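Down below is the structure, laid out as structure tokens.
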Amino acid sequence: MTPSLTALLCLGLSVGLRPQVQAGTLPKPTIWAEPGSVIPWGSPVTIWCQGTLGVREFYLNKEGSSPPWYRQPSLEPGDKGKFSISHMTQDYAGRYHCYYLSSTGLSERSDSLELVVTEVHSKPTLSALLSPVVTSGGNVTLQCGSWEGLDGFILTKEGEPKSSWTLDAQRYPHGQTQALIPVGRVTPSHRWMFRCHGFYRDTPQVWSAPSDPLELLFPGVSGKPSLLTPQGPVVASGQSLTLQCRSDIGYDRFALSQEGRQALPQRPGRQPQAGLSQADFPLGPVTNTHAGRYRCYGGHNLSSEWSAPSDPLDILVAGEEPAGQSGTQTLYRPCRGNPSW
């Protein structure tokens, strides 16, 4: 008996052969998983099979398993079968169907249920091809990438309406793979929050951990905040740096963008005094990568549209020259362009 079969065995559940009854004489049952069909490694999941009243037994089939049949007496009131997995692993990932047996025969096979385990591989990266700051009505392409040589990527949009895209990865030197995913035309009618997972071709239901979330930001026309830094615009390499985004509008959250970079960190707004909202973005200790042009935006929790951008703030980083040129300093200025990952 395989480990996956052993783990599925519980009180009232046994393994048997397919009953010798003509198949397909009853309507097909419904199959689903709770809390869902995409489960983190180690978490519990329950597969349910629902038929008609008067069911004697339910049978669960995992494609590719041997023996393929899991049998369970019907639960009260007699139309549901319950198959519990206490700790989700890659052994349980796959495609499932269920049947039921009643006094009049064997039902048709249910539609398939694809059970996915996540967090088996390291998380990929997710970025917008040009910038996560977009204009309403523009077309957006996202890029998912990995250094583990993953064969494909799944991009999911969170919230409503939900969407997903699956693409094969392209291979590049040094083992990295990536996929460009055209999302299409976007508008601020709802929030656009994305994550991506990666997988290998021979185990398509075994996914990586999710990428960090990526939210598209739509600048609006509401009052722009102010962006400043207590340390001043010129900082020494290794110094701590905090950027402050402030507004006299009661924004619930703030976002910070650096020109030419993909990161778009967000912070909840706080009220240091009446009539003022603010968020702090600590960036130190700084390196030359922190040199650049920054803007910030304010937003409300129930809206997908953000404020107009703040006026730009240029940060310059003064760093020591390499050995052999002691006593001199380099001033790292903002770089322009969008470097590839």
Side-chain angles (χ1 to χ4, degrees), residues 38 114 116 118 121-201 204-205 207-221 253-266 289 292-297 299 303-309 312 334-341:
V38 180
E114 191 168 36
V116 172
T118 67
H121 316 302
S122 298
K123 67 181 181 182
T125 59
L126 178 61
S127 60
L129 189 59
L130 297 178
S131 170
V133 180
V134 297
T135 57
S136 177
N139 287 304
V140 171
T141 298
L142 302 184
Q143 177 176 276
C144 198
S146 171
W147 290 92
E148 286 196 12
L150 298 171
D151 297 319
F153 296 99
I154 303 98
L155 177 72
T156 54
K157 177 186 172 295
E158 300 180 359
E160 297 295 337
K162 294 183 178 179
S163 303
S164 65
W165 298 257
T166 302
L167 278 88
D168 291 335
Q170 293 182 319
R171 295 192 172 275
Y172 292 85
H174 311 297
Q176 69 265 42
T177 57
Q178 70 177 37
L180 296 179
I181 306 167
V183 174
R185 184 174 176 268
V186 295
T187 65
S189 57
H190 53 268
R191 292 180 69 173
W192 296 80
M193 180 78 76
F194 297 92
R195 293 181 189 266
C196 78
H197 296 80
F199 61 91
Y200 291 106
R201 189 170 292 109
Q205 290 93 20
W207 292 4
S208 70
S211 69
D212 292 333
L214 172 67
E215 182 177 4
L216 300 182
L217 190 154
F218 296 88
V221 296
R253 53 186 179 142
F254 292 90
L256 180 71
S257 69
Q258 182 184 6
E259 193 171 291
R261 302 284 180 178
Q262 287 289 335
L264 196 65
Q266 295 186 26
T289 61
R293 174 162 291 178
Y294 293 83
R295 292 179 174 86
C296 75
Y297 305 80
S303 174
S304 60
E305 193 169 41
W306 293 73
S307 71
C335 60
R336 300 290 181 258
N338 185 20
S340 62
W341 71 276

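Numbers for residues simply follow the sequence, beginning at 1. From a predicted model like this one, the values you see are computed outputs, not experimental measurements.
Between Arg295 and Glu259, at least one side-chain nitrogen of the basic residue sits less than 4.0 Å from a carboxylate oxygen of the acidic one, meeting the salt-bridge criterion.
Of all the heavy atoms in Pro182 and Thr141, the pair that sits closest is CA-OG1, 4.0 Å. Minimum interatomic distance between Ser257 and Leu264 (heavy atoms only, all atoms of both residues): CB-CD1, 3.6 Å. Contact record, Ala179 with Phe153: CB-CD1, 3.7 Å, taken as the closest heavy-atom pair. Taking each heavy atom of His121 and Glu148 in turn, the nearest pair found is CB-OE1, 3.6 Å. Smallest separation of non-hydrogen atoms from Trp192 and Arg185: CH2-O, 4.1 Å. Shortest non-hydrogen contact noted between Tyr297 and Pro309 is CE2-CB, 3.4 Å.
In this structure, Thr118 contributes its side chain and Trp207 its backbone to no donor-acceptor pair below 3.5 Å.
The OG1 atom of Thr187 lies 6.0 Å from the CZ atom of Phe218; values are rounded to the nearest 0.5 Å. To the nearest 0.5 Å, atoms OG1 (Thr156) and CZ (Arg195) are separated by 8.0 Å.
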Does the pair Asp151 and Arg171 meet the rule for a side-chain contact (heavy atoms from CB on, under 4.5 Å), with working shown?
CA-CA 8 Å; Asp151 297 319; Arg171 295 192 172 275; 2.5 Å; yes
Pair Phe194, Ile181 - check side-chain contact (heavy atoms from CB on, under 4.5 Å), show working.
CA-CA 12 Å; Phe194 297 92; Ile181 306 167; over 6 Å; no
